[in-house]
Enquirer: 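One structure, as structure tokens, below. Some questions next.
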Protein chains: 2
Amino acid sequence: MPHKRRAKTHIKMQMSRQDIEQSLRDKGLQPTLQRVGICQFVLCMADHPTAEDVHAWAEQNLGKISLATIYNTLGSLVDVGLLRELKFSHSEKSIYDNNLDEHHHFFDVKTGLIHDIPVQNLELSMNLGKPFKVEGYEILLKGTVKP
Amino acid sequence: MPHKRRAKTHIKMQMSRQDIEQSLRDKGLQPTLQRVGICQFVLCMADHPTAEDVHAWAEQNLGKISLATIYNTLGSLVDVGLLRELKFSHSEKSIYDNNLDEHHHFFDVKTGLIHDIPVQNLELSMNLGKPFKVEGYEILLKGTVKP
DNA sequence: GCCAACATTAGAATGATTCTAAACTTAGAA
DNA sequence: TTCTAAGTTTAGAATCATTCTAATGTTGGC
């Protein structure tokens with residue numbers, strides 16, 4: 001059973017190899033060495049990494065691994081809902097988010113880092129014309145974060 | 001002098017060739033045939049077009065024109081502040097927005113169209129930790145629009 | 001009318017991502 | 001065990017939006 005730990009703006013999943021293997025199997029994915037390794041990083045350690053970040057970590061920690069495998073694995077994890085893929089205007093690269101709770105984002109313009117903002121910290125009220133049926137929304141805050 | 005006209009969610013600038021030429025000159029850009037032509041479309045007619053959309057229109061209406069010219073021109077217009085460039089998660093392509101007022105966006109998930117939402121139609125209240133200094137924010141609403 | 005500065009162009013280059021097709025691994029069945 | 005079919009990984013090619021290059025074309029003063 002994964003247990004939880006407090007973090008600044010969201011709760012990061014702490015999972016053992018077994019937990020990860022089980023999650024993958026539950027989602028119909030074989031828990032291969034590469035996949036479990038990538039999951040360790042992307043589900044438990046990384047904070048909004050790009051595919052390139054994941055590849056760099058994997059080469060360091062798992063040995064030689066193809067970029068295609070990184071993309072395949074990230075794609076599969078997104079498909080089964082263990083990960084979310086995001087794109088922001090300030091970069092052409094996708095970033096991957098392991099926070100599965102509904103949340104918004106804060107972009108630190110100084111550091112380039114993305115922080116998660118829980119939905120309950122923002123409240124949006126809208127006054128649109130009748131024709132608009134809103135099904136959801138994304139809010140991106142921008143600014144700086146004091147150390 | 002450009003005059004104005006009401007539209008659903010924002011006011012579209014109606015400009016003569018002369019107006020456009022003057023705007024360009026005011027911004028320090030030579031009003032070449034290509035630039036004026038592209039401006040006619042992108043400032044007065046188009047609704048959140050991609051570079052490809054602009055190129056297609058230009059080939060139709062101005063004759064053969066290089067894609068590089070489209071990108072150069074759009075880039076210049078963005079640089080001088082006559083146009084804004086936006087990227088959304090649902091597409092890899094940039095789109096160009098001629099609405100210079102501060103505003104948010106509504107993505108119609110059925111049609112793929114983007115609609116502008118004036119700032120005064122949304123109100124955001126936030127309750128973040130002390131370290132966050134918010135300098136601005138972007139809101140993307142998603143849903144459908146009744147015809 | 002000339003020339004330097006600015007624009008346009010075709011096509012090559014770039015960079016992120018996806019595809020391809022071959023080689024490898026695995027999970028079961030036999 | 002051994003076999004096999006399905007699922008994975010891989011290197012490298014392909015793709016797609018965008019940018020760059022460097023050659024050619026145009027323009028606005030003088």
Side-chain angles (χ1 to χ4, degrees), chain A residues 17 20-22 24-39 41-42 48-59 61-80 82-96 112, chain B residues 20-39 41-42 48-59 61-80 82-96 112:
Chain A
R17 265 196 109 70
I20 291 173
E21 288 176 12
Q22 196 50 53
L24 288 172
R25 258 189 288 267
D26 290 349
K27 297 295 192 174
L29 297 174
Q30 285 183 29
T32 63
L33 267 181
Q34 291 88 331
R35 293 224 265 236
V36 175
I38 290 170
C39 282
F41 180 62
V42 92
H48 303 97
T50 62
E52 210 189 341
D53 294 335
V54 178
H55 189 230
W57 180 91
E59 287 267 313
N61 295 275
L62 310 176
K64 200 164 140 345
I65 189 168
S66 163
L67 236 195
T69 301
I70 304 296
Y71 278 106
N72 287 344
T73 300
L74 293 173
S76 302
L77 295 174
V78 169
D79 287 347
V80 302
L82 288 173
L83 201 59
R84 299 223 169 106
E85 182 177 1
L86 303 172
K87 273 178 212 154
F88 293 109
S89 286
H90 65 268
S91 167
E92 337 64 56
K93 300 181 185 181
S94 285
I95 66 156
Y96 296 88
Chain B
I20 291 173
E21 289 176 12
Q22 196 50 54
S23 288
L24 289 173
R25 259 189 287 266
D26 289 349
K27 296 296 189 172
L29 296 174
Q30 284 182 30
T32 62
L33 266 181
Q34 291 89 329
R35 293 222 266 236
V36 176
I38 290 171
C39 281
F41 181 61
V42 92
H48 302 97
T50 62
E52 210 189 340
D53 294 334
V54 178
H55 188 229
W57 181 91
E59 287 268 311
N61 296 276
L62 311 175
K64 201 163 138 346
I65 188 168
S66 163
L67 235 196
T69 301
I70 304 295
Y71 278 106
N72 287 343
T73 300
L74 293 173
S76 301
L77 294 175
V78 169
D79 287 346
V80 302
L82 288 172
L83 201 59
R84 299 225 169 104
E85 182 177 1
L86 303 172
K87 273 179 210 153
F88 293 109
S89 286
H90 64 269
S91 167
E92 335 66 56
K93 300 180 185 181
S94 285
I95 67 155
Y96 295 88

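Quick note: numbers below take in every heavy atom, side chains included, and nothing from hydrogens, waters or symmetry partners. Every chain is numbered from 1, with letters handed out A, B, ... down the list of sequences.
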Enquirer: Whole-Å distance between D:dT8 C1' and A:L62 CG?
Expert: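 That distance rounds to 15 Å.
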Enquirer: Could you list all N or O pairs between the protein and nucleotides 4-6 of chain C that sit under 3.5 Å apart?
Expert:
from  : atom 1 : to    : atom 2 : distance (Å)
C:dC6 : O3'    : B:Q30 : NE2    : 3.3

Enquirer: Has B:T32 got a side-chain N or O lying under 4.0 Å from the OP1 or OP2 atom of C:dA7?
Expert: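 Negative; the distance criterion is not met.
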Enquirer: Report the distance from atom CG of A:L33 to atom CZ of A:R17, rounding to the nearest 0.5 Å.
Expert: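 A:L33 CG to A:R17 CZ: 6.5 Å, rounded to 0.5 Å.
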Enquirer: Can you tell me the distance, in whole Å, between the NE2 atom of A:H55 and the P atom of C:dG15?
Expert: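 Taking NE2 of A:H55 and P of C:dG15, I get 17 Å after rounding.
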Enquirer: Polar-atom pairs under 3.5 Å, protein N or O versus N or O of nucleotides 14-18 of chain D: list them with distances, or write none.
Expert:
from   : atom 1 : to    : atom 2 : distance (Å)
D:dA17 : OP1    : B:K93 : NZ     : 3.3
D:dT18 : OP1    : B:S94 : N      : 2.8
D:dT18 : OP1    : B:S94 : OG     : 3.4
D:dT18 : OP2    : B:Y71 : OH     : 2.4
D:dT18 : O5'    : B:Y71 : OH     : 3.2

Enquirer: Evaluate the side-chain proximity of A:D53 to A:Y96: yes if any heavy-atom separation is below 4.5 Å, no if none is.
Expert: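 Side chain of A:Y96 against side chain of A:D53, heavy atoms only: no contact under 4.5 Å found.
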Enquirer: Could you give the CD-to-P distance, from B:E59 to C:dT8, as a whole number of Å?
Expert: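 After rounding, the reported distance stands at 14 Å.
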Enquirer: Whole Å only: how far is the CD atom of A:Q34 from the P atom of D:dT9?
Expert: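 Atom CD in A:Q34 sits about 5 Å away from atom P in D:dT9.
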Enquirer: Does A:T73 or B:P31 map to a spot on DNA chain D nearer the 5' end, using the closest nucleotide for each?
Expert: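 Looking at the nearest nucleotide for each, A:T73 comes out on the 5' side.
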Enquirer: Within the pair A:T69 and D:dT10, is there a side-chain N or O less than 4.0 Å away from OP1 or OP2?
Expert: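 For A:T69, the contact criterion (side-chain N or O under 4.0 Å from OP1 or OP2 of D:dT10) is met.
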Enquirer: How many Å lie between CG on A:D79 and P on C:dT17, as a whole number?
Expert: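 Answer to the nearest Å: 15 Å.
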Enquirer: Dump the intermediate steps for side-chain hydrogen bond (donor to acceptor under 3.5 Å, both in side chains) on A:D79 and A:S76, then the final yes or no.
Expert: CA-CA 5 Å; A:D79 287 347; A:S76 302; 5.4 Å; no
Enquirer: Treating A:H55 as the side-chain partner and A:T50 as the backbone partner, does any N or O pair qualify as donor plus acceptor under 3.5 Å?
Expert: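 Not at all, since once roles are kept as given, no pair shorter than 3.5 Å links the two residues.
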Enquirer: Report the residue from B:D26, B:L24, B:L29 that forms a side chain to side chain contact (heavy atoms under 4.5 Å, CB included) with B:V80.
Expert: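 It is B:L29, the one option of B:D26, B:L24, B:L29 that forms the side chain to side chain contact (heavy atoms under 4.5 Å, CB included) with B:V80.
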Enquirer: Just the rounded figure in Å: distance from P of D:dT8 to CD1 of A:I65.
Expert: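 Going from A:I65 (CD1) to D:dT8 (P), I get 14 Å.
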Enquirer: Roughly, in whole Å, what's the span from CZ in B:R25 to P in D:dT27?
Expert: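 Nearest whole value for this atom pair: 13 Å.
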Enquirer: B:L29 has an atom CG; how far is it from atom C1' of D:dT27, in whole Å?
Expert: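 Answer to the nearest Å: 15 Å.
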Enquirer: Nearest 0.5 Å, please: how far is CD1 in B:I95 from CG in B:L83?
Expert: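 Output value for this atom pair is 10.0 Å.
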Enquirer: Within the 4.5 Å heavy-atom criterion, are B:R35 and B:Q30 side-chain neighbours or not?
Expert: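 B:R35 vs B:Q30: side chains touch.
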Enquirer: Does the side chain of A:I38 come within less than 4.5 Å of A:I65's, by heavy atoms?
Expert: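 Counting from C-beta outward, A:I65 and A:I38 do come under 4.5 Å.
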